[in-house]
Amino acid sequence: MSRYNAHVTEPKWQAKWQELQVFKAERDENRPKYYVLEMFPYPSGKLHIGHVRNYTMGDLVARYKSAKGFNVFHPMGWDAFGMPAENAAMANNTHPGKWTYQNIAEMKKQFAALGLSLDWSHEFATCDVEYYGQQQALFLDMLDAGLAYRKNASVNWDPVDMTVLANEQVIDGRGWRSGAEVERKELTQWFFKISDYADDLLEALDGLENWPDKVKLMQANWIGKSKGLQFSFKTIGAPEGFDKLEVYTTRPDTLFGASFAGISADHPLAKALESNPEVAAFTAECRRTGTSAEALEKAEKLGFDTGIKVVHPFDSSIELPVYIANFILMDYGTGAIFGCPAHDQRDLDFARKYGLDVTAVVSPDGEDFSVEHEAFTDPGILINSDFMNGMDIEAAKTAAIKRIEAADMGQGKTVFRLRDWGISRQRYWGCPIPVVHCPSCGVVPEKKENLPIELPEDINFDKPGNPLDRHPSWRNTTCPSCGGNALRETDTMDTFVDSSWYYARFTSSNADTPTNMADADYWMNVDQYIGGVEHAILHLLYSRFFARAMVKTGHLPARCIEPFNALFNQGMVCHETYSTKDKNGRDVWHAPDEITPDDEGYKLVKTGEKVTVGPSIKMSKSKRNVIDPVEQIEQFGADTARWFVLSDSPPERDVEWTTSGAEAAWKHLQRIWRLADEIADEHRNDEDITLTKAMHRAIKDVTEGYEGFAFNKSIAKLYEFTAAIAKSKGDRRAAMRSMALLMQPITPHLAEECWQRLGGEGLAVNAPFPEADPAMLVEDTVTLPIQINGKRRAEISVSKDAGKEEVEKLALSHDAVIRALNGGHPKKLIVVPGRIINVVI
RNA sequence: GCGGGCGUGAUGGAAUGGUAGACAUAAGAGACUUAAAAUCUCUGGGCCCUAGGCCGUGUGGGUUCGAGUCCCACCGCCCGCACCA
């Protein structure tokens, strides 16, 4: 009997697939296409076990769909721009490009060992000049279409690294790298006008039937649509030019409960008042806490009474004080509000602190009502509100808006939380923004024929800041408009731009325009997109925006505004943690290969010290609970790793990597090989009908698991089917061949080997997926449980065609039922054909 | 605080409102072996008066002939957002 040697077999079949170009996708109008895409990786240089799970799932789908007759497109590339390359360049005195391409080469080798059904002929890295040059063309078209623009914006500025930081790179108010206190700085930045599509991006979520509800909900919350009223108060005692104060509210129904007006510390009116040193001190304080994380700790509501008053829009005899308040955001609505303490918790906290009136204007039942320390935000009936008295909230909102509009003081308005996407980054390793700053013409877009604007190679990171800023020969250029001396834009694009359209570029990765319409038209949309839920908002929202922008600029067909037909978020791979304590009682973490089992639990291999086993959590370097997939593949082969990452948990949930589980997977695959090997030499002629039925049952169940992203259930069925084959005394060849084809999407190498050994025709990867014969799924007899008063007491075996009456008769004549009836008659008898019998006594 | 999800054996997990615990791991027993490894077989929620019965899917109610599944309340855990007017 031969032993299965993955180290020989796996490279052999990988070479065969490559030789025969099995995974190369060609347009073919006669077959339905299927585009499978996994979120492409950042080329860190090291394959992570999470990649194995992600890409195995995509590969399963690709191979399964291909076996089902689809023309499958399954490309791969590299999300290759970004900070880590610059950090590595600084640390190792190398070039970011050199570092990145070395990593890509290294990672590609590791990918190859997994045996993925990828069409590498469409491969690109986003740092390839061919890619980012087309991205620049896209940018120019978007500029033309009014989707890109420049404006002043306040950003997180790291004064040591001299760069802008994204919000998530600011930790406790300090730069994640330099540790320097981050400043708010006003800079002129490039933006994409994603807000133009806010409503569309929200509405279209409903049409994404095969997206997780969770992701759709997160996007909807992020877009944050609210309907309300924007109107202006007349002011009393305000500086020149501020005779009106614009506010926004979603609760115009509560206007008669207003007891103050509030403005943000960044509001122009607040700034105008800063000549008063007290105001300046207060606004400075607000801005400081506004940027730091401590502000989130239930920051106390603080206000500063400006002495200015505003006049109530419905009753000019009412005057309200205007406060500068620390809880009002400048970039939402108008940066100014009216406060209605009775029906808003923040306003109530504020009012109690500063002794302002609290008048309830909505009551649960329309009766008199008052509020103490908890704002009333439930539905109710308007009181104390003049013309709105007696109305419900919705009617009152409509009435208030109508009245304001009639008086020409404002109008109903919809506001979004979603803001335009700032894409400028003061960094080298990104896509240069293709514009020129000309002293006479201003900001001038580069001409398309001058693209690509390539990053210069001769740069260094000796000094902080962007090397492009201090590279005169690159920076100095001529104006595309007047031909005079001009300076290049030195900002590069946010790396999220790169990943917002790569799925479209894959369809025609060598085109000399961003896409080729014929290819895009054939391959788009992505039929199944697979990746981590951490990209639920930004990457997916940006991609949805980009698809719209590409439709508008003529780079995608109109039907592609939603580029991903189906989305699946896979769970993470977790592992137990192992720790001991050091002299100071602090945890010291140990890698899985540093420990060994002892009598009860684990000890350190080196010292024999007892190890505390912690819960299974996301693999991380700091906790050292990391499993290296390359080592796993060296030990057991890729098929074992592929089988195991899918076997234990549903794909959307986290899976725990255990040594025993990986070994069990390996043992099972060995067993499959032994069976195939044995059966290949077997000469049995008698059909085992039980096995044939088990085969069709397995085909049906495994297929359902693949279709429904329940891969763990498919694997359970494969285990059952294996047991059925092992047990059978009849001809097992057909069953084992089906087994090979059923396993092919998960363990493609072993499947090929078994297929070949069993005399299968051609390659398993090219064989059609087995189809279950419905006739073979029907059992002649079924076992029906008998319940007495809803509790299972017995079971009977009946023919599948047994009529209801026959079943009833059989049930009533069963010993257990006779005993329970004790001579009496059942009150009720429920027979669900093929399911259950319930005797109610 | 708001929004969402989830609570099932020692563990990961199965279960169109219809036999709870498929499949796998850990554990235990046995077969083969001089022995080990490998392989194979069996046991595997708890309890009791053990030919049988009682209890059991976070807790308490409800709907139903029948609830892990549906409804209400509570408890616990996880994730997302975070002063969004």
Side-chain angles (χ1 to χ4, degrees), chain A residues 1 3 212-222 224-226 228-230 247-252 254 262 264 289-290 295-296 298-301 325-329 331-340 343-347 349-350 377 415-419 533-534 536-537 574 576 616 644 647-650 652-665 667-668 670-671 674 701 710 712-723 726 783-795 816 819 826-832 834-841:
Chain A
M1 198 198 298
R3 196 173 160 83
D213 289 338
K214 176 184 166 141
V215 172
K216 289 191 275 188
L217 194 69
M218 282 166 74
Q219 293 217 351
N221 290 340
W222 187 264
K225 180 177 183 173
S226 62
L229 167 69
Q230 186 166 319
V247 300
Y248 176 74
T249 179
T250 56
R251 292 296 300 274
T254 63
S264 161
T289 54
L296 300 178
K298 285 191 179 169
E300 195 187 355
K301 306 267 175 291
N326 66 344
F327 64 94
I328 300 170
L329 303 172
D331 41 18
Y332 187 81
T334 62
I337 62 154
F338 76 81
C340 175
H343 306 291
D344 182 292
Q345 193 60 46
R346 290 159 306 182
D347 294 348
D349 295 344
F350 190 83
T377 53
V415 165
F416 294 89
R417 206 185 79 108
L418 180 70
R419 287 174 242 156
V533 72
E534 65 272 22
I537 296 175
C574 297
E576 285 181 328
S616 187
F644 179 61
S647 65
D648 258 15
S649 296
E652 68 276 13
R653 250 189 261 182
D654 292 349
V655 66
E656 184 184 0
W657 185 283
T658 60
T659 309
S660 56
E663 282 169 0
K667 283 181 193 170
H668 179 72
Q670 288 289 345
R671 185 184 191 200
R674 279 197 312 274
D701 291 347
N712 57 322
K713 285 192 251 172
S714 293
I715 285 182
K717 298 300 174 183
L718 289 170
Y719 275 114
E720 281 181 5
F721 186 31
T722 306
T783 304
L784 293 184
I786 300 176
Q787 292 183 336
I788 293 167
N789 289 339
K791 288 183 192 271
R792 183 185 165 280
R793 282 296 119 100
E795 58 183 39
R819 226 181 307 140
K827 270 195 207 146
K828 206 167 176 182
L829 188 60
I830 291 141
V831 176
V832 184
R835 271 286 173 205
I836 206 162
I837 302 151
N838 193 6
V839 185
V840 186
I841 292 168

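Because the structure is a prediction, the values reported are computed rather than measured. Naming: A, B, ... by sequence-line order, numbering from 1 per chain.
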Could you give the distance separating [M] and [N] at their [atom1] atoms, to the nearest angstrom?
| N | M | atom1 | value |
| --- | --- | --- | --- |
| B:G60 | B:C23 | C1' | 34 Å |
| B:U59 | B:A67 | P | 15 Å |
| B:G45 | B:C40 | C1' | 27 Å |
| B:C72 | B:A20 | P | 26 Å |
| B:G5 | B:C47 | P | 37 Å |
| B:G58 | B:C6 | C1' | 11 Å |
| B:G3 | B:A14 | P | 28 Å |

What is the distance, rounded to the nearest whole Å, between atom [atom1] of [X] and atom [atom2] of [N]?
| X | N | atom1 | atom2 | value |
| --- | --- | --- | --- | --- |
| A:I836 | B:U64 | CD1 | C1' | 13 Å |
| A:N789 | B:G18 | CG | C1' | 15 Å |
| A:L217 | B:C81 | CG | P | 12 Å |
| A:Y248 | B:A85 | OH | P | 7 Å |
| A:K667 | B:C40 | NZ | P | 9 Å |
| A:E652 | B:C79 | CD | P | 17 Å |
| A:K216 | B:G4 | NZ | P | 15 Å |
| A:D213 | B:C6 | CG | C1' | 15 Å |

Using a heavy-atom cut-off of under 4.0 Å over every strand shown, decide if [X] touches base, sugar-phosphate, or nothing.
| X | result |
| --- | --- |
| A:I328 | base |
| A:D344 | nothing |
| A:V832 | base |
| A:I830 | base |

With 3.5 Å as the limit, what N/O pairs link the protein to nucleotides 20-23 of chain B?
residue	atom	partner	partner atom	Å
B:A22	O2'	A:E720	OE2	2.6

Exercise for the section: Over all heavy atoms of both residues, which pair between A:P785 and A:R835 is shortest? Give the atoms and the distance, please. Expected result: CD-O, 3.2 Å
Side-chain touch [X]/[Y], heavy atoms, less than 4.5 angstrom:
| X | Y | result |
| --- | --- | --- |
| A:W657 | A:D648 | no |
| A:I786 | A:V839 | yes |
| A:V533 | A:K214 | yes |
| A:V840 | A:N789 | yes |

Within the sub-3.5 Å range, which N or O atoms of nucleotides 51-58 of chain B have a protein N or O partner, and how far apart are they?
residue	atom	partner	partner atom	Å
B:C54	OP2	A:R793	NH2	3.2

Completion exercise
Judged by whether its glycosidic angle lies within 90° of 0, B:G62 is anti
Completion exercise
The side-chain contact (heavy atoms from CB on, under 4.5 Å) partners of A:T783 (sequence neighbours excluded) come to A:E795, A:S797
Problem - Any residue meeting side-chain contact (heavy atoms from CB on, under 4.5 Å) with A:R419, in chain and number order, not counting sequence neighbours - result: A:D331
Side chain of [X]: nearest nucleotide among [options]?
| X | options | value |
| --- | --- | --- |
| A:I337 | B:C83, B:U19, B:A85 | B:A85 |
| A:R417 | B:C40, B:C81, B:G66 | B:C81 |
| A:R346 | B:G3, B:C84, B:U19 | B:C84 |
| A:T250 | B:A14, B:A85, B:A82 | B:A85 |

Problem - Cation-pi, A:F327 ring and A:K301 (6.0 angstrom, 45 degrees) - result: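 Satisfied, under 6.0 Å and within 45°.
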Handout entry: A:D648 or A:Y332, whichever maps to the more 5' nucleotide of RNA chain B
Key =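 Residue closer to the 5' terminus by nearest nucleotide: A:D648.
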Practice task
By nearest nucleotide on RNA chain B, pick out whichever of A:P650 and A:F327 is the more 5' one.
Solution key: A:P650
Exercise for the section: Indicate whether OP1 or OP2 belonging to B:G4 is found under 4.0 Å from a side-chain N or O atom of A:K214. Expected result: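 The answer is no; no side-chain N or O of A:K214 sits under 4.0 Å from OP1 or OP2.
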Practice task
Would you please confirm or rule out a distance under 4.0 Å between OP1 or OP2 of B:C84 and any side-chain N or O of A:R419?
Solution key: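 No, A:R419 has no side-chain N/O under 4.0 Å of OP1/OP2 on B:C84.
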Problem - Geometric class of the A:Y332/A:Y248 ring pair [parallel <30°, tilted 30-60°, perpendicular >60°] - result: perpendicular
Practice task
May I ask you to decide whether A:R346 forms a salt bridge with A:D349, counting only side-chain N to carboxylate O separations under 4.0 Å?
Solution key: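 Salt bridge between A:R346 and A:D349, a charged N being under 4.0 Å from a carboxylate O: no.
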Practice task
Check each residue of residues 656-663 of chain A for a non-hydrogen atom within less than 4.0 Å of any atom in RNA chain B, then write out the ones that pass by number, or none.
Solution key: A:S660
Handout entry: Runs of at least three consecutive pairs that involve RNA chain B, where pairs are Watson-Crick or G-U with distances under 3.5 Å
Key = B:1-7 with B:75-81, B:10-12 with B:23-25, B:27-31 with B:39-43, B:45-48 with B:52-55, B:58-62 with B:70-74
